[in-house]
Undergrad: 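Got a structure for you, written out below as structure tokens; questions coming shortly.
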Amino acid sequence: MKRRDLLRYLSVAPLGAGLTVSGMPVLAEEKESALKKDYIKELGLRSFINAAGTYTAMTASLMYPEVMEAINAVSKSYIMLDEVQDKVGERIAQICKAEAATVTAGCWSAMVLGMAGVLTGTDPKKIAALPRLDGMKSEVIVQKSHNSGYVHALTNTGVRIIEIETREELENAIGESTAMLWFLNAHANLGKLTHQEWVAAGKNHAIPVMIDIAADVPPVENLWRFNEMGFDLVCISGGKALRGPQSAGILMGRKDLIKAARMSAPPRGGTIGRGMKVNKEEIVGMLAALEKYISMDHDKEWTSWMNQVEHISAVAKKRAGVHTEIVVPPLANHTPTLQIQWEQEQLKLKPADLQLALRNGSPSIEVLSNEKGISLTVFMLRDGEYKMVAKRILEELNKSA
Ligand SMILES: *Cc1c(COP(=O)(O)O)cnc(C)c1O
């Protein structure tokens with residue numbers, strides 16, 4: 001590392017991070033401007049090591065330098081918003097084996113716009129009418145166990161949610177007013193109906209089927225799996241594990257529906273989606289993130305995550321009374337997750353207090369806590385940070401009792 005770069009790194013690294021040159025994090029910032037102004041410092045903001053995961057409140061993920069390069073490059077020219085959406089959409093569709101795609105302001109906005117497209121088609125009167133459903137269908141069917149807060153993205157357009165549990169209930173619920181069937185991949189294991197059954201029901205009744213896979217890469221195959229399975233619309237976050245712009249996402253699927261969805265999106269005004277603007281930088285940044293993601297060695301990345309988690313586990317267990325477990329959530333944030341638990345009587349330490357001590361320590365570290373202990377992931381860490389996480393956890397565990 002050049003001296004200039006090292007200084008730049010040290011100026012943004014949390015106090016006392018003590019990382020070596022080889023532990024230099026991946027920073028997505030423009031080279032020349034980095035030294036000029038340090039807003040984090042200037043504004044007195046707390047930056048931290050993110051061992052919690054891709055949480056919106058924690059600004060979720062860091063963009064790769066390739067993404068920032070794309071953003072910077074495109075920021076220097078005017079282009080037509082629709083033209084960049086057309087071209088980027090084609091490339092994304094090709095990568096994800098979809099008929100068509102468009103960049104949205106996050107997975108949430110993908111759901112609003114996709115829903116709008118289903119309801120309105122390309123009818124200007126209907127597009128202008130939303131969220132009043134004059135002459136439109138008005139119901140979306142979801143499995144009871146999938147009926148999470150995320151359906152609010154759909155109800156924004158004026159539709160009502162109809163809950164069902166069994167296949168029979170689904171058949172009975174489908175009628176004249178049914179606009180769409182919605183599936184939440186994160187809860188796929190909680191419902192009675194499988195992906196395939198959901199898609200088949202949609203096909204049988206000629207009703208579009210949408211799936212929310214917001215946090216469902218890795219595995220990389222999920223980028224095309226649901227398009228190939230026959231979902232008419234697939235919605236994914238751009239700023240979670242894909243590490244694109246935090247306020248970007250992708251809506252992909254049937255060509256006619258993507259076209260209709262875009263009728264409610266900027267640059268068109270007088271629409272329900274006018275506030276869901278994605279700028280050219282985010283559009284191209286989203287593509288750059290996707291290209292970066294599919295080109296990565298995912299097996300190697302997985303091995304590296306496992307090694308890091310195992311290191312933290314081994315260090316934490318140096319404290320007597322501490323036990324750990326590595327779990328991999330099957331759906332959503334499918335990444336090695338370390339749970340650290342301890343005999344609370346013996347250590348006289350509450351999980352929430354350990355979480356707070358790590359947050360207030362130097363460097364500041366974010367983890368999750370529950371009644372039994374703390375849990376953490378390493379997929380959002382910058383290079384080398386896992387060692388600091390391990391060290392700090394052991395220090396705090398050793399302080400107790
Ligand atoms: C994060 C998330 C969303 C919202 O995604 P954004 O990209 O933040 O708009 C929607 N659904 C699920 C299941 C999510 O996890």
Side-chain angles (χ1 to χ4, degrees), residues 13-19 23 25 45-62 148 186 189 214-216 218 239-241 243 246 301-401:
L15 207 65
L19 297 180
L45 293 169
R46 172 177 66 98
S47 68
F48 51 85
I49 292 177
N50 178 8
T54 55
Y55 290 92
T56 299
M58 299 184 194
T59 60
S61 63
L62 298 181
S148 67
N189 294 344
D216 287 301
K240 292 182 179 169
R243 295 177 57 173
Q246 231 294 275
E301 187 182 44
W302 191 272
T303 306
S304 159
W305 289 342
M306 270 301 186
N307 290 340
Q308 292 176 51
V309 162
E310 277 163 8
H311 171 84
I312 299 169
S313 166
V315 171
K317 280 196 291 192
K318 286 183 185 169
R319 175 68 166 101
V322 170
H323 32 100
T324 66
E325 195 185 348
I326 299 171
V327 294
V328 179
L331 297 163
N333 302 304
H334 177 72
T335 178
T337 303
L338 179 66
Q339 295 176 342
I340 304 177
Q341 304 181 347
W342 54 91
E343 306 307 329
Q344 288 182 33
E345 292 301 294
Q346 189 188 333
L347 268 72
K348 305 217 170 8
L349 177 65
K350 289 200 191 102
D353 291 337
L354 174 56
Q355 180 186 33
L356 204 61
L358 293 170
R359 177 176 298 155
N360 293 335
S362 184
S364 180
I365 298 170
E366 288 290 345
V367 298
L368 302 180
S369 74
N370 55 42
E371 325 81 75
K372 290 187 177 161
I374 61 165
S375 79
L376 60 91
T377 60
V378 295
F379 75 141
M380 288 297 124
L381 296 184
R382 292 171 291 187
D383 287 349
E385 285 180 337
Y386 72 99
K387 287 185 185 159
M388 178 57 68
V389 172
K391 179 171 167 271
R392 286 288 302 123
I393 289 172
L394 182 60
E395 270 173 18
E396 291 300 329
L397 287 171
N398 278 339
K399 272 187 202 166
S400 58

Undergrad: Before giving the answer on side chain to side chain donor-acceptor pair (under 3.5 Å), spell out for T54 and N333 the whole-Å C-alpha distance, their side-chain angles and the decisive distance to 0.1 Å.
TA: CA-CA 8 Å; T54 55; N333 302 304; 3.2 Å; yes
Undergrad: Where do R359 and S364 come nearest, in terms of heavy atoms and distance?
TA: O-OG, 2.6 Å
Undergrad: Testing the basics here: between T335 and T337, what is the closest heavy-atom pair and its distance to 0.1 Å?
TA: O-OG1, 2.9 Å
Undergrad: Measuring from I312:CD1 to T324:OG1, what's the distance to the nearest 0.5 Å?
TA: 10.5 Å
Undergrad: Drop me the distance from I365's CD1 to N360's CG, to the nearest 0.5 angstrom.
TA: 11.5 Å
Undergrad: Taking L354 as the fixed residue, which of L347, L397, I340 is the one that meets the side-chain contact (heavy atoms from CB on, under 4.5 Å) rule?
TA: L397
Undergrad: Got F379 and S61 here, is their nearest side-chain heavy-atom distance under 4.5 Å?
TA: no
Undergrad: Any idea which heavy atoms bring L394 and A316 closest together, and the distance?
TA: CD1-O, 4.2 Å
Undergrad: Could you tell me which non-hydrogen atom of N189 sits nearest to which non-hydrogen atom of P330, and how far apart they are?
TA: ND2-CG, 4.1 Å
Undergrad: If you round to the nearest 0.5 Å, how far is CD1 of I374 from CD of E366?
TA: 11.5 Å
Undergrad: Mind running salt bridge (Lys or Arg N to Asp or Glu O under 4.0 Å) on K399 and E395 for me, showing each step along the way?
TA: CA-CA 6 Å; K399 272 187 202 166; E395 270 173 18; over 6 Å; no
Undergrad: Go through N50 and E385 one step at a time and tell me if the side-chain contact (heavy atoms from CB on, under 4.5 Å) criterion holds.
TA: CA-CA 9 Å; N50 178 8; E385 285 180 337; over 6 Å; no
Undergrad: Where do S304 and Q308 land on the side chain to side chain donor-acceptor pair (under 3.5 Å) test, with the steps shown first?
TA: CA-CA 6 Å; S304 159; Q308 292 176 51; 2.9 Å; yes
Undergrad: Can you list the steps and then say if L62 with R243 is a side-chain contact (heavy atoms from CB on, under 4.5 Å)?
TA: CA-CA 6 Å; L62 298 181; R243 295 177 57 173; 4.1 Å; yes
Undergrad: Kindly write out the residues that satisfy side chain to side chain donor-acceptor pair (under 3.5 Å) with H311, not counting sequence neighbours, or none if the list is empty.
TA: none
Undergrad: Can you list the steps and then say if K391 with V315 is a side-chain contact (heavy atoms from CB on, under 4.5 Å)?
TA: CA-CA 7 Å; K391 179 171 167 271; V315 171; 5.9 Å; no
Undergrad: For N398 and K318, what are the C-alpha separation, side-chain angles and deciding distance, and is it a side-chain contact (heavy atoms from CB on, under 4.5 Å)?
TA: CA-CA 9 Å; N398 278 339; K318 286 183 185 169; over 6 Å; no
Undergrad: Taking the side chain as every heavy atom from C-beta outward, state whether S400 and E396 have any atom pair closer than 4.5 Å.
TA: no
Undergrad: Can you see which heavy atom on Q346 is nearest to which on A320, and at what distance?
TA: NE2-O, 3.7 Å
Undergrad: I'd like to check Q246 versus T56 (side-chain heavy atoms, cut-off strictly below 4.5 Å). Are they in contact?
TA: yes
Undergrad: Which pair of non-hydrogen atoms, one from V378 and one from W305, has the smallest distance, and what is that distance?
TA: CG2-O, 3.6 Å
Undergrad: For the CD atom of E310 and the OG1 atom of T303, what is their distance to the nearest 0.5 Å?
TA: 10.0 Å
Undergrad: Any side-chain heavy atom of H334 within less than 4.5 Å of one from P329?
TA: no
Undergrad: Working to the nearest 0.5 angstrom, can you tell me the gap between K240 NZ and M380 CE?
TA: 11.0 Å
Undergrad: Going from OG on S375 to CD on E325, what distance comes out if it is rounded to the nearest 0.5 angstrom?
TA: 11.5 Å
Undergrad: Compare all side-chain heavy atoms of P351 with those of Q344 and state whether any distance is below 4.5 angstrom.
TA: yes
Undergrad: If you measure only the distance, is there a donor-acceptor pair under 3.5 Å linking the side chains of Q339 and H323?
TA: no
